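Report on the following structure.
What you see below is based on every heavy atom in this structure, not just the backbone, and it leaves out hydrogens, waters and symmetry mates. Computed from a predicted model, the values in this text were never measured in an experiment.
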Amino acid sequence: MIILENLNKHYKSVHALKDVNLHVNSGEIFACLGPNGAGKTTLIRIVTGLTRLSSGKAFLNGFNVEKSPLAAKKECGLVPQAINLDQELTVFENLDIHCRLYKMPAKKRRIKIDDLLDYMDILDRKKTLIKHLSGGMKRRVMIARALTHSPQILFLDEPTVGLDANIRRRIWAIIKRIQEDGTTIFLTTHYIEEAEFLAQRVAFLNEGEIVALDTPENFMAKMGVWAIDRLEESNMETTYFKTRQEAKSFIVEQEKSFTLRRVHLEDVFLALTGKKVK
Amino acid sequence: MIQGCLAIYYRELMIMKRRLPKMIATMSVSPLLYLIAFGYAMGHNVKVDGHTYLEFLLPGLVAMSSMTQAFSIASEINIARFYWHIFEEFQSAPISNISYVCGEILAGMTRAFMSIIIILILGYFFGVSLSCNILFWLAIILNSFIFASLAVGMAMLVKSHADQAMFSSFVITPMAFLGGTLFPVDRLPLWAQKILFLLPLTHASKAIRTASFGNTPDYSSYIILFLTGVLFIIISFMCVNRARD
């Protein structure tokens, strides 16, 4: 369980997080969506102990991240946005060092690493140097590494950034499987479809503030199910409809070209902030 | 704390193991050039305090190398921090900051010891054998401890790899030449001697050289080195704490 209470972060004159309040339930996948610079990474950095908070409180499974940082860190695993593997070491060595940092006994380390590499379908790459792996494989190694100490909460900061569509979907399947095994997952992304596919609840973060929080289904139901995009004097105008029939009736009245599509979370974010997520 | 420290140290050892041939080659070049150019060629007929210049130079190179190699861990930390972001992996792990500091210091000291073994082997081929007694090694331990501690602190303070290089150019390199490694400090004017007395390397060179000639060094040098080491490890710990922001 993740609890954030009135969390604030200041970087000199920049107010990066503004009174963030959040309650993530055990076992759920929670997505934090927002454009670059919204404060998503700062949020993750604070709860994983990488950055100090300015005010407020953050708890991981009941442990205060500022007062009991070591206990809180044991509860979570982190997959940061940037690849932070030792390029000159092998897959096994990278995971082994992580296990040592979490004080796991030698025998348990070997078994756990083999199990996880098998789970991620990269057991055959155990002795390969990281620098010889593809981007997708490095991501899978990072996820495996974050799971070696069996954390209750997994933080994924833009887990599929820079990966092609096929590999992205493969990572999604892994994330779903991890959640099915009982791990709470908190992920940040600016891929709308990633949040729609994975998350049970979504929070929109904009300029350090949570502007909305709900399930993807509720968000989209509030907007409507269908959308029509049309160009009006060099601006893209979008109209939302509850049913396809309503949308079709609207189309009949149109003289200009248009696009009929399903509503997605991008529409919700656009309606809330006037900005696009990407 | 110990397990966390050993985990950090283990990582550095794994990297050293992978780079061992390159490291040995790199660590051999400078001392070899010094021995050939200054010791063998220029200092052929020079006597210093009753010893050949090669005999005088070799302990100086040991002191210099224990400083530069221990300090070189700063570059490794910087690369891990700025380019590979591996520092975040340590920060997010349940280990204390002092464990991290101690692990990196041990790694710096290990590098220093590797370079000293290489210098002693090279010295043997140049016909110079030093008395490697306890006081000789103790001075090396303290000197490498000081500069590895300084390296960890500096690596946390600098904002880029270029800043690190600048610190080396303005502090480490001048100290390497002026800290009694290549010439006796007492040949300089008194005011210069007083300034150089403030440098830990001057005390380390003096202690290492005296011990390597089979004599008993001045114990005050060891006390100064020890206190400097304690000061630097405290500073480096504070710098790692500060690096969270």
Side-chain angles (χ1 to χ4, degrees), chain A residues 9-12 16 41-42 44-54 63 65-66 68-90 92-105 109 129-131 142 145-146 148-149 151 155 157, chain B residues 1-23 26 72-73 75-104 106-107 111 156 159 237-245:
Chain A
K9 178 65 190 175
H10 297 269
Y11 288 108
K12 293 180 181 166
T41 299
T42 303
I44 283 197
R45 286 183 66 87
I46 287 173
V47 287
T48 53
L50 297 178
T51 299
R52 244 179 275 276
L53 52 83
S54 302
F63 294 106
V65 299
E66 284 290 305
S68 313
L70 300 188
K73 283 173 182 179
K74 278 182 193 166
E75 295 296 312
C76 71
L78 168 67
V79 181
Q81 192 173 337
I83 301 282
N84 70 341
L85 298 163
D86 263 310
Q87 303 290 317
E88 291 176 82
L89 300 182
T90 64
F92 176 82
E93 286 163 348
N94 268 277
L95 269 62
D96 186 45
I97 289 165
H98 182 90
C99 291
R100 286 168 189 262
L101 289 168
Y102 285 78
K103 305 169 181 72
M104 287 169 67
R109 283 203 299 265
L129 292 178
I130 295 295
K131 63 184 173 188
M142 285 174 69
R145 185 181 64 177
T148 47
H149 59 284
F155 289 97
D157 191 5
Chain B
M1 178 199 147
I2 291 169
Q3 276 180 299
C5 165
L6 291 178
I8 300 289
Y9 183 49
Y10 176 77
R11 173 191 169 262
E12 294 289 354
L13 286 184
M14 294 304 288
I15 291 170
M16 282 186 221
K17 184 182 148 197
R18 192 121 298 144
R19 294 184 194 160
L20 195 61
K22 278 186 203 169
M23 281 179 74
T26 311
S72 70
I73 197 70
S75 301
E76 294 301 324
I77 297 171
N78 269 321
I79 292 165
R81 194 169 160 221
F82 294 123
Y83 297 105
W84 303 124
H85 308 285
I86 293 159
F87 185 59
E88 290 182 357
E89 163 75 352
F90 304 140
Q91 278 188 309
S92 62
I95 60 163
S96 59
N97 287 343
I98 194 70
S99 301
Y100 173 76
V101 170
C102 291
E104 293 293 5
L106 275 176
R111 284 166 171 265
M156 295 297 129
K159 302 284 180 216
F237 172 69
M238 287 161 65
C239 292
V240 171
N241 266 344
R242 193 172 164 261
R244 263 179 85 195
D245 277 329

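- Of all the heavy atoms in A:Leu101 and B:Ile95, the pair that sits closest is O-CG2, 3.5 Å.
- A distance of 7.0 Å separates CZ of B:Phe90 from CD1 of A:Ile97, quoted to the nearest 0.5 Å.
- Within residues 10-20 of chain B, the residues that have a heavy atom under 4.5 Å from a heavy atom of chain A are B:Tyr10, B:Arg11, B:Met14, B:Ile15, B:Arg18, B:Arg19, listed by number.
- Neither the backbone nor the side chain of A:Asn94 comes within contact range of chain B, judged by heavy atoms closer than 4.5 Å.
- At least one donor-acceptor pair closer than 3.5 Å links the side chain of A:Lys73 to the backbone N or O of B:Gln91.
- Contact annotation for A:Leu89: both backbone and side-chain heavy atoms come within less than 4.5 Å of a heavy atom of chain B.
- Contacts of A:His98 with chain B are made by both backbone and side-chain atoms, with heavy-atom separations under 4.5 Å.
- Neither the backbone nor the side chain of A:Thr42 comes within less than 4.5 Å of any heavy atom in chain B.
- In terms of the ring pair (Phe, Tyr, Trp, His ring centres under 6.0 Å) criterion, B:His85 has no residue partners (sequence neighbours excluded).
- With sequence neighbours left out, the salt bridge (charged side-chain N to carboxylate O under 4.0 Å, His left out) criterion links B:Glu89 to A:Arg145.
- Only the side chain of A:Leu129 comes within contact range of chain B, with at least one heavy atom under 4.5 Å from a heavy atom of that chain.
- In this structure, the portions of A:Glu88 lying under 4.5 Å from any heavy atom of chain B include both its backbone and its side chain.
- Ranked by heavy-atom pairs under 4.5 Å with chain A, the first of B:Gly4, B:Cys5, B:Ser92 is B:Ser92.
- The backbone N or O of B:Pro94 sits less than 3.5 Å from a side-chain atom of A:Lys103, completing a donor-acceptor pair.
- Looking at residues two or more places apart in sequence or on another chain, you find a side-chain contact (heavy atoms from CB on, under 4.5 Å) between B:Leu6 and B:Ile2.
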